[in-house]
Amino acid sequence: MTAAPHDTVIEREVFRQQAQMVRHVVGVSIAGLTHQDSLIQPHPGGNCLNWVMGHLLWAYQGVLELLGQEPPMKQETLGRYARGAAPMKDPAEAVDFDQLTKAWNESTERVDTGLASLSSEVLDRPAPNSPTGNPDETVRSLLATVFFHQAYHAGQTGLLRRLAGREGAIR
């Protein structure tokens with residue numbers, strides 16, 4: 001389905017707004033947290049904030065490439081944060097939280113830059129992969145899935161902030 005030019009502008013702005021909201025929620029949720037805070041494990045299970053931040057970056061890696069932008073971190077650096085990875089229990093496996101935060105900020109800026117010039121031709125292309133197993137996945141449907149994914153994990157950052165003993169950041 002090819003979108004009309006006006007529809008593409010609206011879609012592009014909706015994607016940008018979703019990405020900006022995720023950036024805001026993550027930003028206020030991680031403000032003032034230390035590397036040690038990022039390693040606190042939720043019980044009885046789940047992943048620490050360090051893993052969630054690395055995973056958010058890992059998820060944006062492919063999106064940045066689709067948007068013609070350079071990822072701020074090497075994929076190998078983020079391999080530990082890939083989908084389906086076991087919970088991070090060894091602090092030695094963690095990338096420094098300040099590095100993750102800096103890369104997250106750069107990544108979100110680049111996502112916004114890439115989305116700002118997104119065309120209907122790019123949106124209509126078949127996606128290089130489908131995390132949902134959709135054989136008809138397009139860049140458009142993949143972006144919708146990725147932004148839902150990012151919002152899901154952004155919510156976790158707020159809970160992990162509280163687990164670190166900090167007051168909630170979203171009121």
Side-chain angles (χ1 to χ4, degrees), residues 15-115 127-133 137 139 142-171:
F15 285 145
R16 287 180 78 193
Q17 181 183 24
Q18 289 173 328
Q20 289 164 3
M21 289 174 68
V22 166
R23 180 182 186 172
H24 172 73
V25 168
V26 170
V28 298
S29 294
I30 67 172
L33 297 180
T34 67
H35 181 71
Q36 280 307 115
D37 291 333
S38 82
L39 297 174
I40 296 170
Q41 287 292 336
H43 293 287
N47 268 303
C48 63
L49 180 59
N50 188 284
W51 188 89
V52 171
M53 286 300 295
H55 184 64
L56 286 165
L57 280 164
W58 175 85
Y60 265 172
Q61 292 288 101
V63 169
L64 286 167
E65 292 169 14
L66 286 174
L67 298 175
Q69 299 293 311
E70 187 72 27
M73 278 190 141
K74 295 190 182 319
Q75 190 67 25
E76 319 67 85
T77 305
L78 296 173
R80 177 63 183 87
Y81 301 96
R83 181 180 185 196
M88 184 177 287
K89 299 196 188 255
D90 181 359
E93 295 177 332
V95 172
D96 180 73
F97 193 63
D98 287 339
Q99 277 184 279
L100 291 175
T101 300
K102 182 178 182 226
W104 168 252
N105 290 328
E106 289 175 23
S107 185
T108 59
E109 288 173 16
R110 293 174 190 183
V111 165
D112 189 61
T113 298
L115 288 172
N129 61 57
S130 175
T132 63
E137 192 87 76
V139 170
L142 178 60
L143 287 174
T145 299
V146 168
F147 292 126
F148 170 80
H149 171 271
Q150 299 299 76
Y152 172 85
H153 287 296
Q156 290 177 328
T157 65
L159 293 172
L160 292 164
R161 174 185 183 78
R162 287 179 176 252
L163 196 62
R166 306 298 173 88
E167 197 168 307
I170 305 227
R171 303 187 200 291

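Computed from a prediction, not measured in an experiment: that's the story for all the values here.
Checking Q20 against D112 by side-chain atom types alone, a donor-acceptor pair falls below 3.5 Å. Checking D37 against T34 by side-chain atom types alone, a donor-acceptor pair falls below 3.5 Å.
Using a cut-off of 4.0 Å between Lys/Arg side-chain N and Asp/Glu carboxylate O, R23 and E109 are scored as salt-bridged.
At distances below 3.5 Å, at least one donor-acceptor pair connects side-chain atoms of R83 with backbone N or O atoms of P131. Judged by distance alone, with hydrogens and angles left aside, the side-chain atoms of R166 form a donor-acceptor pair with the main-chain N or O of G32 at under 3.5 Å. Within the 3.5 Å criterion, the main-chain N or O of S130 finds no donor-acceptor partner in the side chain of E137.
The 12-atom threshold is exceeded at CD of Q75, counting heavy atoms of other residues, nucleotides or ligands nearer than 6.0 Å.
When L49, L33, V22 are each tested for a side-chain contact (heavy atoms from CB on, under 4.5 Å) with T157, only one passes: L49.
The side-chain heavy atoms of T145 and T132, taken from C-beta on, include a pair separated by under 4.5 Å. The closest side-chain heavy-atom distance from L163 to C48 is not below 4.5 Å. Side-chain contact between R110 and L67 is absent, with no heavy atoms from C-beta onward closer than 4.5 Å. L64 has its side chain within reach of P72: a pair of non-hydrogen atoms, C-beta onward, lies under 4.5 Å apart. With contacts defined as side-chain heavy-atom distances shorter than 4.5 Å, the pair Y81/M88 qualifies. Using a 4.5 Å cut-off on side-chain heavy atoms (C-beta onward), L39 and F97 make no contact. At least one side-chain heavy atom of P128 sits less than 4.5 Å from a side-chain heavy atom of L66. Using a 4.5 Å heavy-atom threshold, the side chains of L115 and F147 count as touching.
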Stepwise, does the side chain to side chain contact (heavy atoms under 4.5 Å, CB included) test hold for R80 with W51?
CA-CA 8 Å; R80 177 63 183 87; W51 188 89; 3.9 Å; yes
So F15 and V111, side chain to side chain contact (heavy atoms under 4.5 Å, CB included) or not? Walk me through it.
CA-CA 10 Å; F15 285 145; V111 165; over 6 Å; no
Using the side chain to side chain contact (heavy atoms under 4.5 Å, CB included) rule, take T77 and K74 through it: C-alpha gap first, then chi angles, then the decisive distance, then the call.
CA-CA 5 Å; T77 305; K74 295 190 182 319; 3.8 Å; yes
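Heavy-atom minimum distance, Q156 versus H153: OE1-ND1, 2.5 Å.
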